[in-house]
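As a basis for the values below, the full set of heavy atoms in this structure was taken, side chains included, without hydrogen atoms, waters or symmetry mates. Note that the numbering runs from 1 along the sequence shown for the chain. No experiment lies behind these values; they were computed from the predicted model shown.
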Amino acid sequence: RQIQRELSELSKAEEDRLAKAFSIMDKNDDGRIDAADLERLFKEDLRHEPSKYEVEDTIWEVDEDLDHNVSWQEFLLCYKRVRSDTTGLEPRKMYNVIDWVLHDSDRDGLVSLDECFSILFMRHGKSFDEKDVRRLFDENSDGSRGGLVSYDAFQAFQREQHKRLRSSASSSSSKKGARKRPGRR
């Protein structure tokens with residue numbers, strides 16, 4: 001509970017969208033996301049063939065009570081932790097799936113530029129890097145999809161963004177550490 005209080009608060013609209021995403025991901029409607037739910041989501045909604053390891057690892061990263069399921073509280077905590085993470089050290093596999101479900105508002109298995117901008121504007125106002133988003137769509141969409149991005153391309157983009165965050169956080173901490181060392185120039 002202490003950790004939950006320290007994490008960023010979500011707007012009512014964002015919490016409602018997360019509740020809808022949880023409902024979409026909970027394929028058997030039992031109030032938790034298990035491996036069967038996640039595998040079905042990957043195959044049917046995300047057009048992605050996951051390995052058994054990928055499914056189990058995605059759940060394991062956020063399964064606080066080790067029951068092999070993701071409860072609503074674990075789902076919310078995962079989302080808030082990653083959103084508050086400035087170091088890039090929080091596990092992101094489940095977050096990235098959640099993020100995809102939030103972006104794919106028409107549930108067609110592809111994300112459009114409009115869907116992407118809509119979610120980013122809701123989260124960050126005008127303080128997100130529009131060039132990065134446009135680059136995602138320029139590099140990963142083909143003419144036949146009309147500027148749509150697949151889950152796999154979206155995940156590759158997310159991994160790249162995560163690497164940048166970790167690199168930025170580690171270079172910031174090493175610069176701070178260098179200034180604190182006495183007797184060094």
Side-chain angles (χ1 to χ4, degrees), residues 4 7-8 10 13-85 88-120 122-124 128 132-133 136-137 140-141 145 148-166:
Q4 259 183 322
L7 298 173
S8 64
L10 301 174
E14 192 162 18
E15 195 163 329
D16 289 347
R17 286 179 59 90
L18 283 169
K20 182 178 178 186
F22 185 86
S23 176
I24 290 167
M25 294 171 72
D26 178 16
K27 294 293 189 183
N28 63 6
D29 205 26
D30 65 355
R32 58 185 189 223
I33 299 166
D34 60 21
D37 292 326
L38 196 55
E39 183 175 10
R40 194 169 149 206
L41 176 85
F42 276 130
K43 289 178 178 180
E44 293 175 7
D45 297 7
L46 283 61
R47 303 178 186 181
H48 174 72
E49 283 295 325
S51 68
K52 182 178 180 184
Y53 171 79
E54 180 180 5
V55 171
E56 290 173 355
D57 197 46
T58 300
I59 290 173
W60 177 82
E61 281 186 346
V62 299
D63 184 14
E64 297 288 327
D65 60 8
L66 304 175
D67 66 352
H68 305 284
N69 298 292
V70 178
S71 67
W72 167 245
Q73 291 78 22
E74 290 166 332
F75 185 88
L76 204 51
L77 187 58
C78 159
Y79 187 81
K80 287 180 174 184
R81 279 182 169 168
V82 174
R83 287 284 310 277
S84 300
D85 180 24
L89 297 175
E90 280 295 326
R92 293 175 184 266
K93 289 178 184 172
M94 180 63 77
Y95 175 84
N96 288 343
V97 174
I98 296 167
D99 209 28
W100 174 264
V101 171
L102 290 173
H103 278 77
D104 187 17
S105 58
D106 61 7
R107 299 195 54 221
D108 66 353
L110 300 167
V111 170
S112 71
L113 187 60
D114 287 342
E115 287 171 321
C116 195
F117 277 139
S118 157
I119 203 85
L120 291 172
M122 181 184 77
R123 273 190 205 154
H124 307 289
F128 63 90
D132 276 345
V133 176
L136 165 67
F137 283 85
N140 293 300
S141 63
R145 290 190 178 155
L148 300 173
V149 175
S150 70
Y151 172 77
D152 291 330
F154 185 79
Q155 291 308 304
F157 178 77
Q158 291 288 62
R159 283 190 298 274
E160 180 185 317
Q161 296 300 315
H162 183 228
K163 282 181 191 173
R164 278 196 211 161
L165 174 62
R166 288 189 73 175

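You'll find the side chain of Pro50 reaches within 4.5 Å of the side chain of Lys43, heavy atoms only. Ile33 is not listed as a side-chain neighbour of Trp72, based on a closest heavy-atom distance of 4.5 Å or more.
Remark: the His48 side chain and the Glu54 side chain contain an N/O donor-acceptor pair separated by less than 3.5 Å. In the model, Glu14 has a side-chain atom that pairs as donor or acceptor with a side-chain atom of Tyr79 under 3.5 Å.
Of the listed residues (Val149, Leu148, Asp104, Asp106), just one forms a side chain to side chain contact (heavy atoms under 4.5 Å, CB included) with Ser112, and that residue is Leu148.
Considering CG of Leu10 and CZ of Arg17, their distance stands at 12.5 Å, rounded to 0.5 Å. Here the CG-CD distance, from Asp34 to Glu56, works out to 11.5 Å after rounding to the nearest 0.5 Å. Here the CG atom belonging to Leu66 is positioned 11.0 Å from the CG atom belonging to Asn69, to the nearest 0.5 angstrom. Atom CD of residue Glu15 and atom CG of residue Leu76 lie 5.5 Å apart, to the nearest 0.5 angstrom. The OG atom of Ser51 lies 8.5 Å from the CZ atom of Phe42; values are rounded to the nearest 0.5 Å. Note that the CG atom of Asn96 and the OH atom of Tyr151 stand 6.5 Å from one another [nearest 0.5 Å].
Smallest separation of non-hydrogen atoms from Asp37 and Lys27: OD1-N, 3.2 Å. Contact detail for Leu102 and Ala21: the closest heavy-atom pair is CD2-CB, 4.0 Å. Nearest heavy-atom pair, Leu46 versus Trp100, reported as atom, atom and distance to 0.1 Å: CG-CD1, 3.5 Å. Nearest approach of Gly109 to Arg47, heavy atoms of both residues: CA-NE, 4.0 Å.
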ask   = Under the side chain to side chain contact (heavy atoms under 4.5 Å, CB included) criterion, do Phe154 and Asp99 qualify, and how do the steps go?
value = CA-CA 10 Å; Phe154 185 79; Asp99 209 28; 3.8 Å; yes
query = Checking side chain to side chain contact (heavy atoms under 4.5 Å, CB included) for the pair Leu77/Val62: CA distance, chi angles, key distance, verdict?
reply = CA-CA 8 Å; Leu77 187 58; Val62 299; over 6 Å; no
task = In sequence, state the C-alpha distance, the side-chain angles, and the governing distance for Leu38 and Ile59, and then conclude on side chain to side chain contact (heavy atoms under 4.5 Å, CB included).
result = CA-CA 8 Å; Leu38 196 55; Ile59 290 173; 3.8 Å; yes
message = What verdict does the side chain to side chain contact (heavy atoms under 4.5 Å, CB included) test give for Phe75 and Met25, after you've listed the backbone C-alpha separation in whole Å, the side-chain angles of each residue and the deciding distance to 0.1 Å?
response = CA-CA 11 Å; Phe75 185 88; Met25 294 171 72; 3.6 Å; yes
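Looking only at distances, no side-chain donor or acceptor of Glu39 sits under 3.5 Å from a matching main-chain atom of Ala36. Glu90 places no side-chain N or O within donor-acceptor distance of the main-chain N or O of Arg83, the cut-off being under 3.5 Å. Between the side chain of Ser84 and the main chain of Lys80, a donor-acceptor pair closer than 3.5 Å is present.
In Trp60, the CH2 atom is not crowded: 12 or fewer heavy atoms of neighbouring residues, nucleotides or ligands sit closer than 6.0 Å.
For Asp85 and Arg92, the salt-bridge test passes: some basic side-chain N is under 4.0 Å from an acidic carboxylate O. Comment: Glu64 engages Arg81 in a salt bridge, judged by a side-chain N to carboxylate O separation of less than 4.0 angstrom. Between Asp26 and Arg32, none of the side-chain N atoms (NZ, or NE/NH1/NH2) sits under 4.0 Å from a carboxylate O, so this pair counts as no salt bridge.
Annotation: salt bridge (charged side-chain N to carboxylate O under 4.0 Å, His left out) contacts of Asp57 (sequence neighbours excluded): Lys93.
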